[in-house]
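As structure tokens, the structure follows; a few thoughts come after it.
Start at 1 and go down the list; that is how both ligands and their atoms are numbered.
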Amino acid sequence: MDDLQLLIDLHIDADRQGPGGDAETRRAIELAGLASRRNLRIADIGCGTGASTRVLARELDAEITAIDFIPQFLVELERQAAQERSAARISTRVESMDQLSFAAESLDAIWSEGAIYNLGFERGVREWRRFLKPGGILAVSELTWLTAQRPPELDEHWRGQYAEVDTAAAKLAVLERCGYSPCGYFPLLERCWIEGYYGPMQRRFPAFLAAHAGDAAAAALVAAEENEIALYDRYREYVSYGFYIARKSSAA
Ligand code: SAH
């Protein structure tokens, strides 16, 4: 089985495919000032099985386009959304985040939790800006250093995984440089990692390994995740995801 299919198998039954929480999605909605507005058009990019998409649909008067490049995640999103009254407001689209087909200035908000790193934060905020209406909102979560210094082991691991990992101050500077006015930042709390992501994943490992018995790549995937979890456990005060909320400004 190829590596992508293994990743899908490991994550498709999860509520979230990255660190996060419904309370944090609601907090970002609040900071974005979207709650009082009507007929919003929103994209949730790299939505996975749609945990944030469903919160947006519950909280907002909006048409939401949920985008991911893995069709199975979107099938699962649609299955879950169909069980909610808000189903009519969500549509899904299989698309890559580097080739989005939205019209220029057509979106009131772009949402993306734990996914923009696939494009790179700076490239993502630059390329997605054109899809936002003037004054539109960008709300993204992104791997973030919580301190100016950190242990070399942690630094090397995450830099190896994602060259753009940086502090909140640096991420906010990127947003300003790319034509946004930041209007909120908060780091994700530990429970977003443990209860929202790693804990449920660890509970899926036995069934995943049993389903892929004898598959060295599956065993290696679990070992890599266990390694990341142990690293988080040791160094949780140095690293998290930051949630960044910013408004498109007129100066690019
Ligand atoms: N937002 C979800 C999923 C985060 S995991 C959550 O917070 O739970 C990252 C997601 O990005 C995965 O669903 C993955 O399939 C998707 N993804 C990765 N690269 C992508 C690309 N190039 N285009 C679209 N989606 C992509």
Side-chain angles (χ1 to χ4, degrees), residues 2-29 42-59 64-81 90-102 107 109-128 131 138-144 158 161-165 186-189 191-201 204 221 224-225 228-229 232 240-245:
D2 69 35
D3 288 355
L4 184 61
Q5 190 56 47
L6 284 174
L7 275 172
I8 295 168
D9 277 14
L10 181 59
H11 289 284
I12 193 155
D13 293 329
D15 182 45
R16 285 181 177 264
Q17 286 73 38
D22 290 3
E24 284 66 26
T25 302
R26 286 196 295 274
R27 186 168 178 204
I29 290 172
I42 300 178
D44 188 354
I45 302 175
C47 58
T49 58
S52 59
T53 319
R54 287 190 297 282
V55 176
L56 290 163
R58 269 179 233 138
E59 299 287 321
I64 302 161
T65 308
I67 304 267
D68 207 282
F69 75 162
I70 295 181
Q72 286 126 294
F73 283 170
L74 297 180
V75 169
E76 178 60 21
L77 183 156
E78 282 178 0
R79 191 188 67 75
Q80 294 191 37
I90 298 174
S91 57
T92 61
R93 215 153 75 196
V94 178
E95 221 162 69
S96 185
M97 59 175 76
D98 59 354
Q99 290 186 333
L100 297 170
S101 61
F102 294 104
L107 296 170
I110 292 178
W111 216 263
S112 185
E113 297 196 18
I116 196 171
Y117 73 90
N118 289 294
L119 201 54
F121 184 81
E122 177 151 1
R123 185 176 163 201
V125 303
R126 270 188 202 286
E127 290 191 3
W128 296 351
F131 303 121
L138 177 76
V140 295
S141 68
E142 159 85 342
L143 191 71
T144 297
W158 280 118
Q161 297 284 317
Y162 183 47
E164 279 185 63
V165 55
F186 60 93
L188 294 189
L189 301 176
R191 67 174 153 76
C192 296
W193 290 83
I194 306 297
E195 290 151 40
Y197 185 52
Y198 285 152
M201 192 198 306
R204 293 193 305 275
L221 178 58
E225 296 288 3
E228 190 187 295
I229 293 168
Y232 179 75
S240 189
Y241 265 65
F243 219 131
Y244 299 87
I245 299 96

Taking [atom] as the reference point, the nearest protein heavy atom with its distance:
| atom | result |
| --- | --- |
| atom 22 (N) of ligand 1 | S96 OG, 3.1 Å |
| atom 25 (N) of ligand 1 | F69 N, 3.4 Å |
| atom 23 (N) of ligand 1 | M97 N, 2.8 Å |
| atom 18 (C) of ligand 1 | N118 ND2, 3.2 Å |

Which of the ligand 1 atoms, numbered from 1, are nearer than 4.0 Å to a heavy atom of [X]:
| X | answer |
| --- | --- |
| G114 | 4 (C), 5 (S), 9 (C) |
| I70 | 15 (O) |
| R16 | 8 (O) |
| A115 | 9 (C), 11 (O) |
| F73 | 13 (O), 15 (O) |
| G18 | 8 (O) |
| E95 | 23 (N), 24 (C) |
| E113 | 1 (N), 2 (C), 4 (C), 6 (C), 7 (O) |

Between [X] and [Y] (side chain of the first, backbone of the second, donor and acceptor by atom type, cut-off under 3.5 Å), is there such a pair?
| X | Y | result |
| --- | --- | --- |
| D68 | L74 | no |
| R204 | L10 | yes |
| Q17 | G48 | no |
| W128 | M97 | yes |

Per-residue contact class, A51 against ligand 1 - non-hydrogen pairs under 4.0 Å = neither
Looking at side-chain heavy atoms only, is the closest gap between T144 and Y244 below 4.5 Å?
-> yes
Can you name the nearest heavy-atom pair linking C47 to T53, along with the distance?
-> CB-OG1, 3.7 Å
Under the ring pair (Phe, Tyr, Trp, His ring centres under 6.0 Å) test, residues paired with Y198 that sit two or more places apart = W193, Y232
Below 4.0 angstrom, N of the basic side chain to O of the carboxylate: do R79 and E76 qualify?
-> yes
Are the charged groups of R191 and E195 less than 4.0 angstrom apart, N to O?
-> no
What pairs of residues pass the salt bridge (Lys or Arg N to Asp or Glu O under 4.0 Å) test when at least one of them lies in residues 6-18, not counting sequence neighbours?
-> D15-R54, R16-D22, R16-E113
Measure from [atom] to every heavy atom in [options] and give the option owning the shortest one.
| atom | options | answer |
| --- | --- | --- |
| atom 12 (C) of ligand 1 | D44, D68, T25 | D68 |
| atom 2 (C) of ligand 1 | G20, C47, A14 | C47 |
| atom 10 (C) of ligand 1 | S141, P19, G46 | G46 |

Ligand 1 to Q17 polar contact by distance, N or O atoms, under 3.5 Å = yes
Any donor-acceptor N or O pair under 3.5 Å, side chains T49, Q80 | no
